[in-house]
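A short worksheet on the structure shown next.
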Amino acid sequence: MFNSSKMLNQHQLKFPYSMNNNYQAWKGDLNTVSFDAKNIKSKLMNLDYPCYILNKEGLIGISNQGSLSYAINGNSNQLEMLLSVPAIGFHQLGDPSFLEFYGVKYAYATGAMAQGIASEEMVIALGKANVLSSFGAGGLSPSRVETAIHKIQQALHNKPYAFNLLHSPSEPAIERRLIDLYLQHQIRIIEASAFLDLTDNIVYYRAAGLSLNSANQIEIKNKIIAKVSRREVATKFLQPAPIKILSQLVEKGLISELQATLAAKIPIADDITVEADSGGHTDNRPLVCLLPSILELRDEIQRQYGYEQPVRIGVAGGISTPQSALAAFMMGAAYIVTGSINQACVEAGTSEYTKKLLAEAEMTDVMMAPAADMFEMGVKLQVLKRGTLFPLRAQKLWELYRNYNSITEIPPDEIEKLEKQILRKTIAEIWQETSTYLSQRNPEKLSKATNNPKLKMALIFRWYLGLSSRWSNTGEKGREIDYQIWCGPAMGSFNNWVRGSYLADINNRRVVDVADQIMTGAAYLYRIQNLKVQGLQMPEEYSQYHPQSL
């Protein structure tokens, strides 16, 4: 039995199960075995090599070297081997087909943050490191997106990258223009987000990239990663494109009969990112409930259609530490996607002031606020409340919109407070700016607003909601209190994890480094849990991974 009379200090390992003469023996250099806390942690961290847990007269140690052997009495180079774990690399976490499909080094991606927050610099830095990143095209003009396409393609060539397609129910022409751009410039991966239903635009993108190869197999050139948080939306992306939409696209001459036939045999999406409690647009769903539900749905639809390659299910929302990353993988996620935490990185298209606020955020420093793009529908998004009054002021605008049918119905004292405290311009000035903007971007909506006072009021309020996020990105002086900063509780969790490390300084936060730290930490914690499951008891200091030089 384990010699309990030997007092182990707080840094030592314990193995409580019985030990007898019928044990497995380890053979190797005794000098490679460590019993002290510092060297034990070092050997646990040596992920490229296996770990052997050894017993030497009741004292538990670790070695990364040696081999299993038969016990031979009197052999001084042999110790009892209690258990072992193999080498583990971060590329082993998640679905290996994700790595092959996108040409990446691990099952980790960064999601698109609108208005270029997920910037060219971010996409290029990650792409050069063989990590998939999606450019934040949402809210940007087609010409601005085209500029980003040229810059990213010139820098990355055959390296991985994606572009976002943010669903625009109020501006379908903008969505179509982006699809045309993506097809024109051969953007082969898009991240589709905020979709409530399939549109002919996304079906067109998918079908236009289909063909048969020399082996008569379906070749999918245009890949889609769909970000969803609802089963009903996930169902649409898990199934083939609707025949009705495909027929319309054929009639318009946009796709061929063959492409329509092929599209009816494959799912709309190659991957579905299950979005839990995230920054920006979110349903605040708990990951532990949402992911199993979508995995079950995927399996049900896979049994129905029998796709050659089942749709992979990844996760986003709340992924910000090695612990959350490993939890997602252990629940069956094929890959993980980070978002909020990348906004505070050097490469993000956010202002230094905003990055500083994000780096100081706690998990509770977030709240829901009305969204600019779906304001009239009452849709909300998650934002930072620390250091800004935006969420409270945006909520005030929503209450005014809900309670009145036009600007003229709002009491004069409310209008005065609105113009002086929130808008800082007169209603007339804002409407003039809005009219000028819409006359170029969406003249049809401008025409409707002329005869619809409720819509006109919404557009005036959306002026503030739309600009507030741009003020945050550009660092608009004098408007700091109105910054709209999309953020989820993951930001606070990340800040807690990196506190006291080099990553606490925003000047040291680089997206590739953050990704490597999270994935390396997840692999390390997997090793620790593997040892614990086999019965090894260890102090909590071994169960933590803190950012360190890799």
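All figures in this text were calculated on a predicted structure; none of them were measured in a lab.
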* Asked: Relative to the ring of Phe98, is the ring of Tyr335 parallel (under 30°), tilted (30 to 60°) or perpendicular (over 60°)?
  -> parallel
* Taking the side chain from Ser340 and the backbone from Gly488, do they hold a donor-acceptor pair closer than 3.5 Å? -> yes
* Evaluate the side-chain proximity of Met491 to Asp365: yes if any heavy-atom separation is below 4.5 Å, no if none is. => no
* Is the shortest side-chain N to carboxylate O distance from Glu120 to Arg144 below 4.0 Å? -> yes
* Looking only at atom types and distance, does a side-chain atom of Glu219 sit under 3.5 Å from a main-chain N or O of Asn213, one as donor and one as acceptor? -> no
* **Arg509/Asp513 salt bridge by N-O under 4.0 Å criterion** => no
* **Leu183 CG to Tyr205 OH distance, which is reported to the nearest 0.5 Å** => 7.0 Å
* Could you tell me whether the side chain of Gln343 and the main chain of Trp486 form a donor-acceptor pair under 3.5 Å? => yes
* Structure fact -> dist Glu476:CD -> Asp482:CG (nearest 0.5 Å) comes out at 10.5 Å
* Ser143 backbone acceptor or donor facing Thr147 side chain under 3.5 Å -> yes
* Structure fact -> So salt bridge (charged side-chain N to carboxylate O under 4.0 Å, His left out) across residues 302-329, not counting sequence neighbours, yields Asp271-Arg312
* What is the minimum heavy-atom distance between Ala137 and Asn164, and which atoms define it? -> CB-O, 3.6 Å
* Salt-bridged, Glu121 to Arg510, with N to O below 4.0 Å? -> no
* When you check the gap from the basic side-chain N to the acidic O, do Glu376 and Arg462 get nearer than 4.0 Å? -> yes
* To do: On the 0 to 90° scale, with breaks at 30° and 60°, tag the Phe494-Trp497 ring pair as parallel, tilted or perpendicular.
  => perpendicular
* Looking only at atom types and distance, does a side-chain atom of Thr282 sit under 3.5 Å from a main-chain N or O of Ala276, one as donor and one as acceptor? -> yes
* Would you say Lys454's side chain and Tyr404's backbone share a donor-acceptor pair under 3.5 angstrom? -> yes
* Asked: Taking only residues two or more places apart in sequence or in another chain, which ones pass side chain to side chain donor-acceptor pair (under 3.5 Å) with Ser134?
  -> Glu191
* **Of Arg298, Arg231, Gln304, the residue whose pairing with Leu238 passes side chain to side chain contact (heavy atoms under 4.5 Å, CB included)** => Arg298
* To do: Kindly say whether Gly89 contributes a backbone atom to a donor-acceptor pair with the side chain of Gln92 at under 3.5 angstrom?
  => yes
* Asked: For atom NZ of Lys221, is the number of surrounding heavy atoms from other residues, nucleotides or ligands below 6.0 Å larger than 12?
  -> yes
* Asked: Going through the checks in order, is the side chain to side chain donor-acceptor pair (under 3.5 Å) test met by Tyr545 and Gln323?
  -> CA-CA 9 Å; Tyr545 177 88; Gln323 290 91 338; over 6 Å; no
* Run the salt-bridge test on Arg206 and Asp270 with the 4.0 Å N-O cut-off and return the result as yes or no. => yes
* Strictly under 6.0 Å, is that where the ring centroids of Tyr401 and Phe461 end up? -> no
* **Residue pair Thr321 / Ser493, side-chain donor-acceptor N/O under 3.5 Å** => no
* Asked: Is the backbone N or O of Leu438 less than 3.5 Å from a side-chain atom of Asn442, with the two atoms forming a donor-acceptor pair by type?
  -> no
* **Pairwise side-chain contact, Val512 with Val131, heavy-atom cut-off 4.5 Å (strictly under)** => no
* Asked: Is it true that a side-chain atom of Ser469 and a backbone atom of Gly466 form a donor plus acceptor pair closer than 3.5 Å?
  -> yes
* Asked: Between Gln153 and Tyr161, do the side chains contain an N or O donor and an N or O acceptor separated by less than 3.5 Å?
  -> yes
* Asked: So with a 6.0 Å cut-off around OH of Tyr102, is the heavy-atom count from everything else above 12?
  -> yes
* To do: Using a 4.5 Å cut-off on heavy atoms from C-beta on, say whether the side chain of Ser435 contacts that of Leu446.
  => yes
* Structure fact -> Residue pairs passing the salt bridge (charged side-chain N to carboxylate O under 4.0 Å, His left out) test with at least one member in residues 337-346, sequence neighbours excluded, are none
* Asked: Shortest non-hydrogen contact from His91 to Leu99?
  -> O-CD2, 3.7 Å
* Asked: Cation-pi between Lys236 and Phe195: NZ/CZ under 6.0 Å from ring centre and within 45° of the ring axis?
  -> no
* To do: Rounded to the nearest 0.5 Å, what's the gap from CG on Leu212 to CD on Gln259? Could you check?
  => 10.0 Å
* Asked: Phe375 vs Trp398 aromatic rings, parallel, tilted or perpendicular, using cut-offs 30° and 60°?
  -> perpendicular
* Asked: Heavy-atom count around Gln154 CD within 6.0 Å, excluding the residue itself: above 12?
  -> no
* Asked: Any idea how Tyr464 and Trp471 line up, ring-wise: parallel (<30°), tilted (30 to 60°), or perpendicular (>60°)?
  -> perpendicular
* **Check: Arg285 side chain, Ser229 main-chain N or O, donor-acceptor pair, under 3.5 Å** => yes
* Pairwise distance CD1(Ile174) to CG(Leu165) - rounded to 0.5 angstrom -> 11.5 Å
